[in-house]
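Structure first, commentary second.
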There are 2 protein chains.
Amino acid sequence: MPETRIQSRNRAAILDAGLEIFSRYGFRGATLDQIAGEAGLSKPNLLYYFQSKEAIHRALLLQLMDAWLEPLRDIDPAGEPLDEMLDYVRRKLALSRDYPRESRLFANEILSGAPHIDDTLASTLRDLVDGAAALIADWVAEGRLAQVDPHHTIMSVWALTQHYADFDVQVRAVLDTDDPLRGAEAHLTQLFDRLLRPGA
Amino acid sequence: MPETRIQSRNRAAILDAGLEIFSRYGFRGATLDQIAGEAGLSKPNLLYYFQSKEAIHRALLLQLMDAWLEPLRDIDPAGEPLDEMLDYVRRKLALSRDYPRESRLFANEILSGAPHIDDTLASTLRDLVDGAAALIADWVAEGRLAQVDPHHTIMSVWALTQHYADFDVQVRAVLDTDDPLRGAEAHLTQLFDRLLRPGA
DNA sequence: GTCTATATACAGATAGAC
DNA sequence: GTCTATCTGTATATAGAC
């Protein structure tokens, strides 16, 4: 039987509430009471839609991973290397702007040792990164990018872009602006341009 | 009455165990059972030394903040600008190497909205960063550093160095080396050299 | 100082009425 | 589908013996 409109609306509300709570407190720190309250449903009703607390969390991580790695997949081997890399930085930064809760959910999972996605890290992520790193290595060898370590460069993109979502509280405390991401884009574009632009 | 050797040893064991557990699961996700087990003490005995779970957490955050900001304080206004900045990066990276649990404890606190240290962020940290940013701005104005945004540059140092401690699981999954920090130092030195070295 | 036993609250999950 | 009531385990913290 197909899902009714009410059902899909409630499912969405639960996932949204779960994202809100899990991203703040981590899996163990979050409670079903909080999620139910945030979703505007009773706790038993929550468990009518999802079998368990872990089921909600698993569903969130699953839908996250794909979106999270998309910018990396979108790097075009046929494009202009520096442009491709700077576009990658901007796409990744856009994720921090548009999906900060997803970023924090992921950060919480990694911080606690990635118990729910360790296999994905070791397989999907690893392969994807190795592929992108090989591409960067080629570009470096052809002299179309400056000499850099491909793996560390990719991780630098992650660290710098995700920082604006994960450490948002600190960023705002230090910057005193209501839109930290505006300055961030200019800064990161400059940073990676200077790192990657092939030298004289 | 002065503290006995046993007392100070137990206190230290509790703080070490608390660091281990809190840094992994966050404040709410950690349990006294885990901490007691890790410390090799009974739960009531734990609470003989610290009044509450929060007291342990508070003590850890307190001793953390000072050590964490020390590298920033150590930037010498009379030094050679580029060297001072690169030394700062290396000192901060050394903290990630030597005190990864402290880094994760801090990350957990910020991720959950910094409920226990929000005042420190708004006062001590803010002032310290503004001071360092003013120094960097001077160096830029004198042409002794390349044109950069001082605040975003400081945060980039944090993001890039702390990433190797906070996201250790992911870093190792992607890099496949038993000492990620070796490559990190070379990479980050290169990155900040290219970002900050005054241009032709 | 350190333990066993326990008070009290809250967690995830289920039963069963409607 | 959604609720109230509740089961069961586990959490923080305390009482009191030793």
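Every value quoted in this text rests on a predicted model; they were computed, and no experiment measured them. Below, chain A is the first sequence line, B the second, and so on; all start at residue 1.
Of all the heavy atoms in A/Glu109 and A/Ile117, the pair that sits closest is OE2-N, 3.4 Å.
Qualifying salt bridge (Lys or Arg N to Asp or Glu O under 4.0 Å) partners for A/Asp76, counting only residues two or more places apart in sequence or in other chains: none. A/Ser52 is linked by a side chain to side chain contact (heavy atoms under 4.5 Å, CB included) to A/Glu54, A/Ala55, counting only residues two or more places apart in sequence or in another chain. Applying the side chain to side chain contact (heavy atoms under 4.5 Å, CB included) rule to B/Arg90 yields the partners B/Leu86, B/Asp87, B/Glu185, B/Thr189; only residues at least two apart in sequence or on another chain are considered. Residues passing the ring-ring contact (aromatic ring centres under 6.0 Å, His included) test with B/His187 are A/His152, sequence neighbours excluded.
Sorted by first and then second residue, the salt bridge (Lys or Arg N to Asp or Glu O under 4.0 Å) pairs involving residues 132-161 of chain B (not counting sequence neighbours) are B/Glu142-B/Arg144.
Atom CD1 in A/Ile6 sits about 7 Å away from atom P in D/dT2, given to the nearest Å. Going from atom OH of B/Tyr49 over to atom C1' of D/dA13 covers 18 Å, rounded to whole Å. Straight-line distance from the CG atom of B/Leu47 to the C1' atom of C/dT4: 15 Å, rounded to whole Å. Across the protein-nucleic acid pair, B/Lys53 atom NZ and D/dA13 atom C1' stand 12 Å apart, rounded to whole Å.
For B/Tyr48, no side-chain nitrogen or oxygen approaches OP1 or OP2 of D/dA13 to under 4.0 Å.
Proximity of residues 17-46 of chain A to DNA chain D (heavy atom under 4.0 angstrom from any strand atom) is restricted to A/Ser42, A/Pro44, A/Asn45.
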